[in-house]
Amino acid sequence: MSPLFRSLLAEIRQRPARLLLTGLAVLVAAAFGAGAVLLDDSVGGDGTIAQILGLFVAIAMGTAAVVVSNTFRIVLAQRRRQIALLRCTGASQAQVLWLLLAEAVLAGLLAGLAGIGLAIGVGYLVPAFLPGTATLAVVPAHLAVVMVITTVVTVLAAAGSAATAAEVPPIAALSDTGSAEVVDPLSLRNRLVIAALGAGAAVLLTLSQLDTDVQRDAFLRLVQLIGAGALMFGVLMLTGARVFPRLAGLLGIPLRRSGRTSAVLAVANLQRAPRRTAAIGTMLCLGVLMISCLLVMVASGRESMVSGLRAEFPATAQIINVDAEQPVDPAIVQRLPAGTSSAAVTSIFGEVAGHGQNIQGVDLSRYPRADRTRMAEGTMGDFRPGTVLLGRKQADAMKVGVGDRLNLAVHGKRADFTVAAIHRGSMSLGGVVLFPQDPRALAPQAQVSSILLDSAVPLAGLQAAVGPGVEVTEAPDQLLTKTTDQTLDLVNKIIAALLGMTLVVAVTGVSVTLILSVVERRRESGLLRALGLDRAGLRAVLAWESVLLGSVGLLLGGALGTVLGLFGARAWGIDATDFVIPLSQLASLGLGVLVLAVLAALVPAALAGRTGPMQALSPE
């Protein structure tokens, strides 16, 4: 057995917790990935479910990679003297690098195995609590893919930190600087890289806004937005050691002024360890960024769809005869409650430009809600007797536009009408709409088939007002609007839950980093205890640090996510008038992030509280 391999085994035996902490976030991501695979196999799928969930698993795995990179960097910084001693005993830089990568491979394998085991365990428990669900199907080959991906992600995430640590010179074995953090000024190369990333993000965002076919270019726009977000996050990672401590200092001004020892120490710690602060801040920022982006896009999409449905289906209720074969008496509107708008609909069937069409006569002047109808060409104000209002589909089929003449025929009786306007589509109005007297001129026997209503009065009140013989029902368009809104809410919750995986991984990373910082600051904590700070005070320091870091990640991630979400909404063809920033949902997200940040600090705070005054004399 080579000395280097014995060194690796000795390190694992002496400090197994470090190996566990390195792979903990990957373990969570692997559990989600294995869960997606198991779900697809258990329902007898063809990989569709795994592919759909794969995007969210990939996001969680990417977040885990960020966590591993930060964790590995902190762990190796704490082992700086040990690595330097290996160099003193004859280990080359390449040998040290391979040794550290072997640790990453082992961490990835163990995390993958544990994550898969956790997913299988939960999978076997589900049928016990939810009878009727599919029996768990375990396909080893599919889970092996999860294992390979987990290991590769771990190694790639740790490679940069391992390469930097392997460059430690042997003379560093005589240094007692430990893991002191020094943020050097940005080099010209790094400045150019940051500028290039920022410019690339701006270009991709601009391309995503170009006025092209939204349906055809949907996937391309998605790729552009994801790419822009990745580049923005790259800028944040390169500048995080400068940005996050300063933001923490600004947000910590009230805490410093409060005079509370634990709060003042928390602010000072975050500014004194900029790399650690940036490591935790970026993890939280990533999770908040994606979820806030989703919330803005879904809220804007819902507003766009609902406003479109309201425009397409303007009626809140309708009056029809109990006997569907009989007409509705137009005089019945005189019994409607005050403030109720109505429009009688006269329906006939005729020939329009050689095509059989349902023709409706509607007096839109008495129905203000019709103004919400979205117009493709012309305006509703041009609609008057002797003109026709067409739907976009009908106008395209007949190849006519605003100002063109259109011939209508009913039972051999013909008349020409001028196209006044073309609407984008309205089920309530129909595809061919005339003024109410025009259908009767073509078909004197035409009668009112229904009456559209716009009223704030409940259906029961409207029914009581109009009396028997007719029925007041909720318009089909309103039922469709409600169904659509409920569907969007469900989709929003499902996607938010899936993206919540990323937040769970990020919070796991926060907890891991705080635990490592407790180990790193053991002598400092012992000195504080010796100077009179009690255990509760030490725990409070960690809690305040976590709250501040959560606030910074929330502030920055929420701002970037909101901006990216608005760009995403526009890229998907949503009008700016329908943009919505869901403040209540973002506030709930913020509260949830702060709660999770405090929960992430519980274990590290408990460890910090165990530190005694004698730890100040410890050499490590």
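What's counted below: heavy atoms across the whole structure, side chains too, no hydrogens, waters or symmetry copies. Starting from 1, each residue takes its place in the sequence as its number.
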Nearest-0.5 Å distance that lies between atom [atom1] in [X] and atom [atom2] in [Y]:
X    : Y    : atom1 : atom2 : value
L238 : F233 : CG    : CZ    : 10.5 Å
L555 : C285 : CG    : SG    : 9.0 Å
C293 : L566 : SG    : CG    : 9.0 Å
L38  : Y124 : CG    : OH    : 9.0 Å
I120 : L143 : CD1   : CG    : 5.5 Å
L589 : L594 : CG    : CG    : 9.5 Å

Do [X] and [Y] touch side chain to side chain, with heavy atoms closer than 4.5 Å?
X    : Y    : value
I194 : T239 : yes
L586 : I581 : yes
D578 : S300 : no
L250 : I253 : yes
V547 : V598 : yes
L548 : L255 : yes
T508 : V67  : no
L236 : F244 : yes

Minimum heavy-atom distance between [X] and [Y], given as atom pair plus value:
X    : Y    : value
A34  : A119 : CB-CB, 3.7 Å
G281 : L549 : N-CD2, 4.5 Å
V505 : A60  : CG1-O, 4.0 Å
L204 : A228 : CD1-N, 3.5 Å
G565 : V296 : C-CG1, 3.8 Å
G200 : L231 : C-CD1, 3.4 Å

Please check if the side chain of [X] supplies one atom and the backbone of [Y] the other of a donor-acceptor pair under 3.5 Å.
X    : Y    : value
S511 : V507 : no
T150 : A30  : no
S69  : A65  : no
S262 : A540 : no
S292 : L289 : yes

When you look at CZ of R246, are more than 12 heavy atoms from neighbouring residues, nucleotides or ligands closer to it than 6.0 Å?
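12 or below, so no.
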
Would L564 and L205 count as a side chain to side chain contact (heavy atoms under 4.5 Å, CB included) here? Give the steps.
CA-CA 9 Å; L564 197 61; L205 286 177; 3.7 Å; yes

CA sep, side-chain torsions, deciding dist, call: M61, F32, side chain to side chain contact (heavy atoms under 4.5 Å, CB included)
CA-CA 9 Å; M61 198 66 76; F32 289 135; over 6 Å; no

Write out all pairs satisfying side chain to side chain donor-acceptor pair (under 3.5 Å) with one or both partners inside residues 537-555, taking only residues at least two apart or from two chains.
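Side chain to side chain donor-acceptor pair (under 3.5 Å) check on residues 537-555 returns N269-E545, R521-E545.
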
Residue pair M297, L294: steps toward the side chain to side chain contact (heavy atoms under 4.5 Å, CB included) verdict
CA-CA 5 Å; M297 288 186 66; L294 166 76; 5.8 Å; no

